[in-house]
Amino acid sequence: MPSTEAAWTYAPAPEGRDIVKLRQSYGLFIDGQFVEPTDGGRFVTENPATEEPLAEVAQATAADVDRAIAAARAAFPAWSGLPDLERGKFLFRLARLIQERARELAVLESLDGGKPIRESRDVDVPLAAAHFFYYAGWADKLGEAFPGRDPRPLGVAAQVIPWNFPLLMAVWKLAPALATGNTCVLKPAETTPLTALLLAELVQDAGIPPGVVNILTGDGTTGAALVSHEGVDKVAFTGSTEVGKRIMQTAKTRHLTLELGGKAANIVFEDAPLDQAVEGVVNGIYFNQGHVCCAGSRLLVQESVAELFVRKLAHRIESLIVGDPLDKNTDIGAINSRAQLTKIQELCASGEEEGCVRHESGAALPERGHWFRPTFFTEVAQTHRIAREEIFGPVLAVMTFRTPEEAVEKANNTVYGLSAGVWTDKGSKIFKTLGKLRAGVVWANTFNKFDPSAPFGGMQESGFGREGGRHGLAPYLSLGGEA
Amino acid sequence: MRTSVRKTWKMVVNGEFVRSESGRTFEHDGQQVPLASRKDVRDAVRAARQAQPGWASRRGYNRGQILYRLAEMVEGRLDGAVSDRLVHYAGWCDKAAQVLGAVNPVAGPYFSFSFPEPVGVVGIVAPGPGALPLATGVAAALAGGNAVVAYAPDPIVGLEFAEASVTSDLPPGVLNVVTGDFSSVASHLAAHRDVDCLAVPAPAQPYAEACSDSLKRLVELPREGWEDLAGIGWVERFVEIKTVWHPVGT
């Protein structure tokens, strides 16, 4: 085994947090204003890297959900009736405001969610701005996006998002909905509400009319009340498959977008550029602490190169820096919550009990906060829980295959179908393989690539509907005269 | 009583403000405006040719950001319809391929797709009045990844537009704006073999013979109605479609 000692050490390079001006307490954003929740309920959002409370946010009740939906309903005629380009120009403003306050948003995202500042700064926030920019441009082009199909907005959209990319998921929901002329009620995740609340301020600054965007903080009960409400015309949810199934039962509208769990396979053929593939596999599973629905959480490596590949992988994870999310050197930040850490630990314990071999880096962990070392398991069978269940943490299950057919069969042996990766130098092999994979997104010789212009979404129990790209407009439109 | 400081009107070639190399001007609304010579047009085409590959190599998203920046700089200097038109085409930069491109379901075991590429250097001899026809043609051509030599029929607003472009993030040479005599600029551009596409006000037929020499694409611009003449159609006229085939293993 290679030495576990780092070749050199890094001096701390923490990003300053002064740029973030936190309020002690936040209200709900309804009808263009921050208001008190009806029963005055509050809960605390903490910094997962220190377990320190950051701020109090409001717990929206069913009555608050009613209020927000009524505000969105009231705002709908004027918003959808704006000339298309005028509506788009509001969204261009929002894109610019996100760019201008990028640093503040990035620091706040890392504080509240635990992700490394390098990722919030270089991925989440720029992609959020780009997403608004992209969909702003569609607002006056819907007729050209869907020629002859008379595109019309649906009405009020209820949108519930997860804690892994808080700002980016908010924008993925809002941008296409607003561009197509819908009004929105958005609920950020319980553990990561702060960037959505800052986004609410930017909505005010952009001069977007009151009621067009409403943001309700709260726990699962708020989300359940929102998505099952009679008054919504569209439900969009990103989160677990379990909750997604419940939403499918309780939603009153059939206009649903569900972006759910995943257990993506990264297939590495023997003719792949192995060092690049190692980087891709590492990025695929350890990016954002593995809190990624499309994470490449299963590695399928061809038997002839498996031993070498695992050796390279073990070596590579030693140089991943785990720690302070605000440090610009950090590769792996804090696990988002105590509950999530417990779940990861429990699944890893099951892996050991079922006979898998655990490999983890020797990274030193901070004393306070929620942390987990980059980890992978070998000797994994397809029946093992860590090969079947979504761990949503920095944990990779390594398996091998002999033939391309076996690789495809194993990759497809899952209830999910969100993403997959293929690594080989042969173009024809890439196309042959990707044609057989049951996954909504396939990355070839790369992984975890996201762009506003590229549709994203799953097959099977990873949900349905697409976000991003021209296809991402359709779920927010009535097309061809359908109700 | 303050004596105003008058502006010397200059053309924009390769990101610089230039008088005509000939030293000639013509009078417009009591002001002297450069009268472009054949050599001025040639210089502008050379600058466009040099700048075009770099502009085309930028991703659509980046070109969109820059066109939007141009809209920001034009806002307040020209009619609002002009900045709105630029915003419209800023949005097409990263979407044109999604409307004009396609995956081709060919019968054999091949992955085949088609997508737009810029035609190259585009000459835009816009009709007047105002800057809206000019801005529409220029923005659509730029959105498609082309470099442009534009003739401003209404020289004062056209040069205002050109000035705004110099203060945007548009790289030098991507947009060159000349003023002068309509038919001589149009003829010089039509005869220049390094211009890949020429847009002229209807009727375009008089330029067909000169353009046929190098099979230059000839685009006819309507004389009026520009308030409602946005859309992907103008980008489509300034692009070529490239089709790629790649085997799929069987």
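Computed from a predicted structure; not experimentally measured. In the text below, chain A, chain B and the rest are named by the order of the sequence lines, each starting its count at 1.
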Subject >> Within 6.0 angstrom of B:Y110 OH, more than 12 heavy atoms from elsewhere >> reply: no
**OP:** Determine the minimum heavy-atom distance between A:W138 and B:Q98, stating which atoms define it.
**Re:** CZ2-OE1, 3.9 Å
Original post:
Is chain B contacted by the side chain of A:A130, its backbone, both, or neither, given a heavy-atom distance below 4.5 Å?
Top reply: both
Subject >> Main-chain N/O of B:V99 paired with A:E144 side-chain donor or acceptor, under 3.5 Å >> reply: no
Subject >> Gap separating the OG atom of A:S428 from the CZ atom of B:F111, nearest 0.5 angstrom >> reply: 14.0 Å
Original post:
Under a 4.5 Å heavy-atom cutoff, which of A:K89, A:E86, A:R96 has the most pairs with chain B?
Top reply: A:R96
Subject >> Neighbours of chain A found in residues 59-94 of chain B - heavy atoms under 4.5 Å >> reply: B:Y61, B:G64, B:Q65, B:Y68, B:R69, B:E72, B:D84, B:V87, B:H88, B:G91, B:W92, B:D94
**OP:** Flag yes if more than 12 heavy atoms outside B:E220 fall under 6.0 Å of its CD atom; otherwise flag no.
**Re:** yes
Original post:
What do you reckon, is CZ of A:R103 surrounded by more than 12 foreign heavy atoms closer than 6.0 Å?
Top reply: no
**OP:** Determine whether more than 12 heavy atoms belonging to other residues, nucleotides or ligands lie under 6.0 Å from atom NZ of B:K7.
**Re:** yes
**OP:** Supply the atom-to-atom distance A:K141 NZ to B:K95 NZ, rounded to the nearest 0.5 angstrom.
**Re:** 6.0 Å
Original post:
Around A:E409, counting heavy atoms of other residues, nucleotides and ligands shown, do more than 12 lie under 6.0 Å from its CD?
Top reply: no
